[in-house]
Amino acid sequence: QSLSWARGALQDRSVLMRQAAVAVLADSGAPDAVALLRQLLGDSEARIRQSAARALGRRGERTALQALRLGFSDADAAVREESLLALGRMGAAVRKQASPGDAAALLSEVTGWVQELRNRGSVKEQLLSASALLQLGDAAQLDALRRWQGTADAAVRQLLVEQVPGDATVLASALKDSAFAVRFAAARQLAARGDRSAVPVLREAVALGGAEGLAAHGLLGRLGEKSTAPKDGDALWSDPEPRRRLMVVESLASASPEVA
């Protein structure tokens, strides 16, 4: 029934109605939802197209991956970037479902889709393209990604940490980065793996407070370290920025029962 409603809402003149349709389709397990989300990738509103790409990235079917192709050539940079992020999120799962020969064919096909962005896109698009191809099995992309460690742009260095999770070379460099955001991104990953080398940066985050401080407090508890929660922790539940509220939720999820 909800799928039928979403199908009808696709043509609604209200952006809010079409956005609601994306939300319904994102939570639907029905195979037909993929085709409808692909249709929304052609919506006149960039924010709808961006949401549709994000929703496709939450699925694991090969048809969802193929539907993303439309987003790579979108006129809006945010839609292209969201499509690449979605490709990276689902790439490893789709590859595991395929036979070795099929996985190789899929990698070759997708490489053709993102080649233009990989070679001539913005810095962010190049990095996200390489990361997505790595998730699809192109191991040669790892060396190319590591070269971004030397960029002067801290936001790009942080994105690299987030897009190459678990890489010891990237994390070791990032943990000593001059930018706190990069150090903290690395520390979160290391702490989640039980690596105590993250402790100094996590304590730095607690001292600074904010959503990062609360997240660090939870991770320190998980590592068996004593820590006092930041004084501004309660106020963060009403933070206007969704990313920071999400960080608060994640901090509780990652904390030890005593800390939570």
Side-chain angles (χ1 to χ4, degrees), residues 1-94 97 106 109-110 113-114 116-117 121-122 124-125 127-129 131-132 135-136 155 158-159 162-163 211 215 234-253:
Q1 188 175 2
S2 59
L3 193 65
S4 297
W5 176 87
R7 184 179 285 107
L10 296 186
Q11 305 302 327
D12 199 285
R13 295 178 63 183
S14 169
V15 174
L16 291 177
M17 286 290 287
R18 300 201 305 279
Q19 189 74 62
V22 175
V24 169
L25 294 169
D27 292 332
S28 173
D32 288 352
V34 172
L36 296 176
L37 286 168
R38 186 188 186 285
Q39 185 177 336
L40 284 163
L41 274 176
D43 194 273
S44 59
E45 286 284 336
R47 55 180 158 163
I48 300 292
R49 302 197 301 275
Q50 189 176 358
S51 295
R54 188 181 303 117
L56 284 166
R58 292 171 54 184
R59 306 184 69 92
E61 307 101 315
R62 183 163 178 168
T63 52
L65 185 149
Q66 291 170 325
L68 282 170
R69 182 177 183 178
L70 187 62
F72 304 139
S73 58
D74 197 279
D76 189 281
V79 178
R80 296 195 301 272
E81 291 168 6
E82 194 66 57
S83 299
L84 290 168
L85 283 166
L87 177 63
R89 281 194 295 269
M90 65 165 43
V94 173
Q97 296 171 15
L106 177 63
E109 183 180 14
V110 175
W113 298 348
V114 302
E116 182 69 20
L117 295 177
S122 67
K124 189 173 182 180
E125 288 169 344
L127 193 156
L128 291 174
S129 298
S131 175
Q135 293 301 317
L136 282 164
Q158 181 181 351
L159 181 63
E162 295 166 352
Q163 292 302 306
D234 290 341
L236 294 170
W237 289 104
S238 57
D239 193 291
E241 186 178 341
R243 181 189 67 82
R244 297 176 70 82
R245 295 198 303 273
L246 179 60
M247 196 176 289
V248 174
V249 175
E250 290 176 344
S251 74
L252 294 176

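Starting from 1, each residue takes its place in the sequence as its number.
Nearest heavy atom pair, residue Val24 against residue Ala6, reads CG1-CB, 4.1 Å. Contact between Ala46 and Val79 at its shortest, heavy atoms only, is O-CG2, 3.5 Å. Here the closest non-hydrogen pair linking Ser122 and Glu81 is OG-OE2, 4.4 Å. Smallest separation of non-hydrogen atoms from Arg80 and Asp74: NH1-O, 2.9 Å. The minimum heavy-atom distance between Arg49 and Asp76, with the atom names listed, is NH2-CB, 3.8 Å. Taking each heavy atom of Trp5 and Ala20 in turn, the nearest pair found is CH2-CB, 3.7 Å.
Among pairs with a residue in residues 19-37, those fulfilling side-chain hydrogen bond (donor to acceptor under 3.5 Å, both in side chains) read Gln19-Ser51, Asp27-Arg58, at least two apart in sequence or across chains. Pairs passing the side-chain hydrogen bond (donor to acceptor under 3.5 Å, both in side chains) check and including a residue from residues 37-47, sequence neighbours excluded, read Arg18-Asp43.
Taking the side chain to side chain donor-acceptor pair (under 3.5 Å) definition, one finds that Arg7 meets it with nothing, sequence neighbours left out. Take Ala93 and apply the side chain to side chain contact (heavy atoms under 4.5 Å, CB included) test, not counting sequence neighbours, and it matches no residue. Scored by the side chain to side chain contact (heavy atoms under 4.5 Å, CB included) test, Ala64 finds Val34, Leu56, Arg59, Glu61, Met90 as partners (sequence neighbours excluded).
Between Leu128 and Leu87 the shortest side-chain heavy-atom distance does not fall below 4.5 Å. In this structure the side chain of Ile48 never reaches within 4.5 angstrom of the side chain of Leu41, judged on heavy atoms. At a threshold of 4.5 Å between non-hydrogen side-chain atoms, the residues Val94 and Gln135 do not count as touching.
Lys124 NZ to Ser129 OG: the interatomic distance, rounded to the nearest 0.5 Å, is 12.0 Å. Note that CD of Gln163 is 11.0 Å distant from CD of Gln158, once rounded to the nearest 0.5 Å.
For Ser131 (side chain) and Leu127 (main-chain N/O), no donor-acceptor pair under 3.5 Å exists by modelled atom type.
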Identify each donor-acceptor pair in which a side-chain atom of residues 66-73 lies under 3.5 Å from a protein atom, sequence neighbours left out, and give them as a table.
residue, atom, partner, partner atom, Å
Ser73, OG, Leu70, O, 3.4

